[in-house]
Amino acid sequence: MVNIEAANNFIQDIIKEDIAAGKNDGRVHTRFPPEPNGWLHIGHAFAVNLNYRLAMSHGGKFNLRFDDTNPLKEEQEYVDSIMADVKWLGADWEDRLFFASDYFEQKYRLAVYLIEQGLAYVDDLSADEMRAYRGTLTEPGKESPYRTRSVGENLDLFARMRRGEFPDGSRTLRAKIDMHSPNLNMRDPALYRIRHAHHHRTGNAWCIYPMYDYSHPIGDYLENITHSLCSLEYADHRPLYDWVVEHMSRAFPAGGRPQQTEFGRVSLSYTVMSKRKLRRLVEEGHVAGWDDPRLPTIAGLRRRGYTPSALRTFSALCGVARKNVTMELAVLEHCIREELNATAPRVMAVLRPLKLVLENYPAGQVEWLEVENNPEDQQSGMRLVPFSREIYIEQEDFMEVPVKKFHRLTVGGEVRLKGAYIIRCERVVKDPDTREITELRCTYDPESKSGGPQSGRKIKGTSHWVSLPHAAEAEVRLYDTLFSKAEPEDAAEGGDFMAHLNPDSLVVLTGCKVEASLTRALPGSRYQFLRQGYFYADPQSQANGRTVFNRIVGLKDTWAR
RNA sequence: GGGGGAUUGGUCUAACGGUAGGACGACUGACUCUGGAUCAGUUUGUGGAGGUUCAAAUCCUUCAUCCCCUGCCA
């Protein structure tokens, strides 16, 4: 088992040093700051879990704060889905749910302060002009002609910007920092832009909206955040973050002293993570929606059957680094297998049924056999499973012409039926037209009953089965990776990641034969289908008597198929 | 001839000048009424070149490679 608490990383080190130095009075307070403009994926789950774990392991607090400073892109729908995802992951923000828009007024007041201090000015440059003035990566920028406006004029113009006197894009408020800085983010960054747009929370109260670099540190400051974690690409923005915090603390003392620390994003092999690519998959209909179980979205993983604890374990296994990493899918799968191996009840389900008749078993007789619910969990007890003359076994558990090292049923061969008897296959019945095998005629060894005195006879193979008259029907959805390539984005020249879509990422099996007890499977419950894998009773499809299982992950299989 | 970050086996990660370790994967074997699980074992690594030092993944120099930055996005 992974010891999540003990997981060591460079951010833990920073926090320990900060506590030892008495910084922020030893408090630890983190936050997760999503923009409500899309769905969360497993990379976000890593960030959520990291922030939450860091806070909890130091007796600290964790906030959820929506970064909603761009009314053109953000919607309530995403707020709802993100809240549901974060809650499901187990990160508890208690009563600290915030929005960047909660602080629009304070942000405005700091802007006024900056203008008064000669640290910000209203610029009339167009977007194109501003771009031209900014310079390039290798050449310094040049100062805007509006940079030297008087404080009075700036104050007046900024107030009129707020009042809505100017059209979109006509002016911005800019910080007066250094147009010659080698760091482009410090070349008089825009603080406010004009957007006459409806905001999902503030409605039409504002027509100027703060930029991320200006807004974010203020939110951290006001919420007393101590450790503001973000992804690597913001490292260049840190001087600006510090600049804003510095002036905020001068204008409005008594806030916290947040410190930004960057860490690498986590991606997964055999899938894509970018918002744009996920959107394409959904919009072009390659998946059924944002919660399609093949997607790496939190909603998709939840629908697939993954558990919050498995995602927490995965997050801890990722480690924390100053570089972006791509985790192997196998690690994620390991996390859910490890958990479900210990907790999931075992059950017999025949996915591709083959009828088998025991010729020497009395017709009409039924035996209720005791089968263990989970050999890994002695507390789980036994259940009774009906056995009769006619049963189903898995088609692939019989080979008329066995390949080498095949351990299961062949003509004249024997196999153990799990929890029942050893049987021998006498002959095969085929469809006279298609030559397909329709039925196996077998005999059983009455002395070999499981748990009985003669049951010790060694048989190399064991098959799972379901009694034909007692079987229930179910639909089973076998999910596989959405892409057949470990790095689908690593498309060869000219290639597109869509070229690597796996045509077999979803195989729907109907007419599967399962233990009758499964018709009462609670939606949302998880089972191990013996020898098949771990399955999830899909809550969204379980309605009106239908029984639908999603394959979360297969069992490891060292038998090369 | 811009700035920032990074480089440890297939993947992820630890080692903070002192035995390169762990996880996942892969491969063997044992065991098994799940070809699962479990157990035992094997395999593969400090990007290159110099230097400092008794001792370098770690410090210095240099080269190489990769990622990010020229939104009124976040």
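The figures that follow rest on heavy atoms only: side chains count, while hydrogens, waters and symmetry mates do not. Just so it is clear: chains get the letters A, B, ... in the order the sequence lines come, proteins before strands, and each one is counted from 1.
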Looking at G71(B), I'd like to know if its phosphate oxygens (OP1 or OP2) sit under 4.0 Å from a side-chain N or O belonging to R131(A).
yes
Checking U70(B), C73(B), G36(B) against the side chain of R195(A) (C-beta onward), the nearest is C73(B)
For G71(B), does the O4'-C1'-N9-C4 (purine) or O4'-C1'-N1-C2 (pyrimidine) torsion place it in syn, i.e. within 90° of 0, or in anti?
syn
Counting only side-chain N and O atoms of R134(A), is one of them less than 4.0 Å from OP1 or OP2 of G71(B)?
yes
Any-strand Watson-Crick or G-U partner of G45(B), both distances under 3.5 Å:
none
Presence of donor-acceptor pair under 3.5 Å, side chain of N37(A) and base of C73(B)
no
Just checking, K485(A) and Y270(A): is the charged tip under 6.0 Å from the six-membered ring centre and within 45° of the axis?
no
Which value, in whole Å, describes the distance between the P atoms of nucleotides G47(B) and U11(B)?
13 Å
I'd like to know if Q528(A) reaches the base of G36(B) with its side chain such that a donor and an acceptor end up less than 3.5 angstrom apart.
no
Is it the case that G1(B) (base atoms only) and E139(A) (side chain only) share a donor and an acceptor within less than 3.5 Å, ignoring hydrogens and angles?
no
Salt-bridged, R457(A) to D445(A), with N to O below 4.0 Å?
yes
Distance check, C1' atoms only: U8(B) and U46(B), in whole angstrom units.
4 Å
Look at R193(A) and A74(B) and indicate whether a side-chain polar atom (N or O) is within less than 4.0 Å of OP1 or OP2.
yes
Please tell me if T326(A) has a side-chain N or O lying less than 4.0 Å from either OP1 or OP2 of U11(B).
no
If only side-chain N and O atoms of K323(A) are considered, is one of them under 4.0 Å from the OP1 or OP2 phosphate oxygen of U13(B)?
yes
Tell me the partner of U19(B), counting only Watson-Crick (N1-N3 plus N6-O4 or O6-N4) or G-U wobble (N1-O2 and O6-N3) with both under 3.5 Å; none if nothing fits.
none
Say we look at U28(B) and G18(B): how far apart would their C1' atoms be, to the nearest angstrom?
35 Å
Output the rounded distance in Å from CG (D236(A)) to P (G71(B)).
14 Å
